[in-house]
Amino acid sequence: MKNGIGKLIGVSAAGLFCMTLSAWAGAGDLSKQVLTKVEPVAPLFTEDRIEFQAMQGALFSQNDIGPSIPTYDYAKTTLRLGWMLDTPAGDGSWYDGNFEAVMEISTNFVFSGFGNVHVGPTGLVRYNFVQPGWKVVPYVQGGAGIVYSDGYQTSSQRALGGCIEFTPQAGVGIRCLLNNNWSVDLEADFEHISNAGIYSRNLGVNAIGGQVGFSYFFDRLWQ
């Protein structure tokens, strides 16, 4: 099953790459307007802009990180709403960018291992690296969430002990800008799932994987 999911992620990544090349080729002067030296800050990343992001992918449990546990691999669907907290300085420094507060809701279906699903909200802080003339904008993010999981019902495992688990996580990603509203996105993620000792079974799950998707940027709806 892991090989099948791995091939699926590979095909998705290849498709994303082709979509990005096609978009750059067809966008012409429009794509050049996203980040220019005349306008040093991309309109997408100015203070109070809002981002809607939809992502899908898979994460795989890692016994090389932390204690040995049964396999726990899951397909992940993520919806996010981000709020740009500030505007890049536009000073040309390599680390120039802005901070973004992100709220996400994810639904995760276990395709290999114990249990069937875990679902819940996560709060993230993201830093976008914004440079004049770049069509690709990298970002890093980190945060924590809380999920409902039915994995605890499998009493033979000691990784997840209760219906409520916590999910500290981190990720890196890139946005391929299409115009002043849209981007296609590729992301690599690490997630930890455990219950902080609330329950007697708490070895936890460490998972690594990736997601692909898109973002739409728009002005905030309130004044």
Side-chain angles (χ1 to χ4, degrees), residues 1-16 51-82 101-126 141-173 184-216:
M1 179 66 76
K2 286 187 179 182
N3 290 335
I5 296 298
K7 291 179 180 178
L8 178 60
I9 294 175
V11 171
S12 300
L16 177 65
E51 174 190 8
F52 170 76
Q53 186 178 46
M55 305 286 281
Q56 192 160 28
L59 279 81
F60 304 89
S61 57
Q62 305 293 312
N63 281 330
D64 294 334
I65 304 175
S68 179
I69 64 166
T71 297
Y72 190 83
D73 302 335
Y74 51 94
K76 185 178 185 71
T77 299
T78 306
L79 298 178
R80 294 174 175 150
L81 198 63
V102 180
M103 178 59 67
E104 77 167 35
I105 183 74
S106 67
T107 302
N108 308 272
F109 294 100
V110 180
F111 59 81
S112 181
F114 58 94
N116 298 292
V117 66
H118 65 268
V119 58
T122 298
L124 299 165
V125 175
R126 175 182 291 169
Q141 63 189 23
I146 186 171
V147 294
Y148 164 81
S149 170
D150 66 356
Y152 76 98
Q153 296 176 0
T154 303
S155 58
S156 59
Q157 56 80 33
R158 299 194 59 78
L160 305 179
C163 62
I164 299 299
E165 303 282 337
F166 304 107
T167 58
Q169 55 193 263
V172 297
V184 288
D185 310 330
L186 179 65
E187 187 175 292
D189 298 297
F190 168 79
E191 294 185 358
H192 174 78
I193 308 172
S194 64
N195 56 64
I198 296 175
Y199 307 102
S200 58
R201 290 177 291 158
N202 188 40
L203 292 181
V205 173
N206 294 304
I208 296 175
Q211 302 182 82
V212 295
F214 68 90
S215 290
Y216 178 74

Heavy atoms of Ala58 and Phe111 approach each other most closely as CB-CE2, 4.2 Å
Value for CZ (Phe214) from CD (Gln56), rounded to nearest 0.5 Å, stands at 11.0 Å
d(Gln211 CD, Leu186 CG) to nearest 0.5 Å is 10.0 Å
So CG of Leu124 and CD of Gln169: to nearest 0.5 Å the spacing works out to 5.5 Å
| query | Would Tyr74 and Tyr72 satisfy ring-ring contact (aromatic ring centres under 6.0 Å, His included), going step by step from the backbone distance to the final call? | reply | CA-CA 7 Å; Tyr74 51 94; Tyr72 190 83; 5.7 Å; yes
When Val117, Val119, Leu160 are each screened for side chain to side chain contact (heavy atoms under 4.5 Å, CB included) with Asp150, the one that passes is Val117
Backbone N or O of His118 within a donor-acceptor pair of the Asn108 side chain at under 3.5 Å? yes
Query raised in the report: Stepwise, does the side-chain contact (heavy atoms from CB on, under 4.5 Å) test hold for Glu104 with Met55?
Result: CA-CA 10 Å; Glu104 77 167 35; Met55 305 286 281; over 6 Å; no
- Message: Treating Gln157 as the side-chain partner and Gln153 as the backbone partner, does any N or O pair qualify as donor plus acceptor under 3.5 Å?
- Response: no
Of all heavy-atom pairs linking Glu165 and Ser194, the shortest is OE1-C, 2.8 Å
Minimal heavy-atom distance between Asp185 and Ser215, with the atoms involved, is OD2-OG, 2.6 Å
Under-4.0 Å salt bridge between Glu51 and Arg126: yes
> Would a distance-only check, ignoring hydrogens and angles, find a side-chain to backbone donor-acceptor pair under 3.5 Å from Asn202 to Asn195?
Replying inline: yes
Output for pair (Asp189 CG, Thr78 OG1), nearest 0.5 Å, gives 7.5 Å
For Ser200 and Arg158 the tightest heavy-atom approach is O-NH2, 3.4 Å
Here the gap from Thr107 atom OG1 to Leu79 atom CG, rounded to the nearest 0.5 Å, amounts to 7.5 Å
Looking only at heavy atoms, the pair that brings Leu203 and Pro67 closest together is O-CG, 3.5 Å
Here the pair of heavy atoms bringing Asp73 nearest to Phe60 is OD1-CA, 3.3 Å
Check: Can you list the steps and then say if Phe114 with Tyr152 is a side-chain contact (heavy atoms from CB on, under 4.5 Å)?
Finding: CA-CA 9 Å; Phe114 58 94; Tyr152 76 98; over 6 Å; no
Rounded to the nearest 0.5 Å, the OG1 atom of Thr122 sits from the CD1 atom of Ile105 at a distance of 7.5 Å
